[in-house]
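Structure first, then comments.
Computed from a predicted structure; not experimentally measured. Per chain, numbering begins at 1; letters A, B, ... match sequence-line order.
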Amino acid sequence: MESQKEEDQEKSMEVLKQILEKIRHIMYIGRNDIVIESLKFFHEFIIASPPTSAKMLPAIFQMIDVIKNWLQDVRQDSREIKMMVNRFIPEVLEILTDLFSPNKYKIVDPAQNPYEHHLFEILEKVLLLTWKTKNSIHF
Amino acid sequence: MMDERTIYEFVEKIPVTFNLESPTFLDLYFNFLVGILGITILDRFTEIVVRKFMVIVHNLINNHIISEAKYLPYLPTILEKYQKLMRLRVNNEFLALVGTTSKSSPPIWLYATEIFLKLVSHTIASFKKTNENDDSNELSHDRAETQKKVVQQIVNVFGQVLSDSSKAAGK
């Protein structure tokens with residue numbers, strides 16, 4: 001009975017990992033609203049159940065890497081950059097708060113892995129992108 | 001358009017929102033702040049960011065958001081960055097690329113000088129208070145060394161900046 005339950009849980013985790021993987025791919029190739037919706041989904045995913053997130057830390061931080069790539073690449077046209085700055089960055093800042101604020105951090109990452117560097121790497125990119133955007137586009 | 005203040009507020013609130021008790025986190029935070037203070041100013045926008053970060057660092061220290069014990073090890077590097085900013089007055093590359101700022105705000109080197117002076121007066125007062133409050137009458141060796149290093153650096157910064165002023169005045 002107990003082993004059946006564990007097996008079911010493991011299967012569910014596998015499905016969740018696959019969903020996150022798909023979202024990651026969408027973030028890589030998507031544009032406009034699809035990217036923002038994927039990001040929102042990722043955010044909901046983290047805060048919905050921190051103990052579940054704790055079991056998927058590598059997948060979560062792979063997603064964070066995609067966010068970093070997004071902030072780095074200025075591959076979009078001006079309208080897309082504007083949209084990104086307006087909607088992408090605040091969502092990213094909220095994700096960082098949910099991932100790294102002490103009360104949640106300990107639940108999401110009970111082993112307290114040294115993941116904090118992501119926060120500052122992202123902030124640096126956010127700042128860079130904001131002034132790049134200001135330099136390149138006249139709103 | 002997104003209000004840039006959101007980002008600056010986020011950075012300023014990091015000591016409150018996140019766990020600065022973790023030495024790794026504290027180290028990352030100060031390295032980040034110092035990194036931004038040290039970026040090469042190539043245009044008005046990078047200049048604005050550096051100005052904002054000067055204020056953030058000043059608020060963290062002077063408003064006691066971070067305790068002296070926590071910021072002291074990073075103070076020499078912070079002062080070094082302020083020195084670099086104050087010396088922009090005689091930096092030809094900066095003057096050629098950015099020049100003086102708009103009439104509504106003082107040049108960045110004056111702005112940096114103002115904040116540097118506030119930081120210095122706060123630091124000296126804070127050292128005095130810490131040393132007086134230390135009942136054992138024996139500061140830890142590390143802290144005493146860092147304090148000495150900071151005071152020496154303050155003297156050096158004054159020397160460098162004053163020598164720049166003489167140059168700028170053609171003396």
Exercise. Would you confirm whether the ring centroid of B:Y29 sits within less than 6.0 angstrom of the ring centroid of B:Y74?
Key: no
Self-check item: B:Y82 side chain near B:L37 side chain, heavy-atom distance below 4.5 Å
Solution: yes
Exercise. Taking only Lys NZ, Arg NE, NH1 and NH2, and the carboxylate oxygens of Asp or Glu, determine whether A:K55 and A:E10 approach each other closer than 4.0 Å.
Key: no
Quiz item: Hey, does A:D8 have a side-chain heavy atom less than 4.5 Å from the side chain of A:Q4?
Solution: yes
Quiz prompt | Close side-chain approach of B:F10 and B:T17, heavy atoms under 4.5 Å | solution = no
Quiz item: In terms of ring plane angle, is the pair B:Y71 and B:H122 parallel, tilted or perpendicular, where the classes change at 30° and 60°?
Solution: tilted
Exercise. Name, in order of residue number, those residues of residues 113-124 of chain A that have a heavy atom at a distance of less than 4.5 Å from a heavy atom in chain B; otherwise write 'none'.
Key: A:E116, A:H117, A:L119, A:F120, A:L123, A:E124
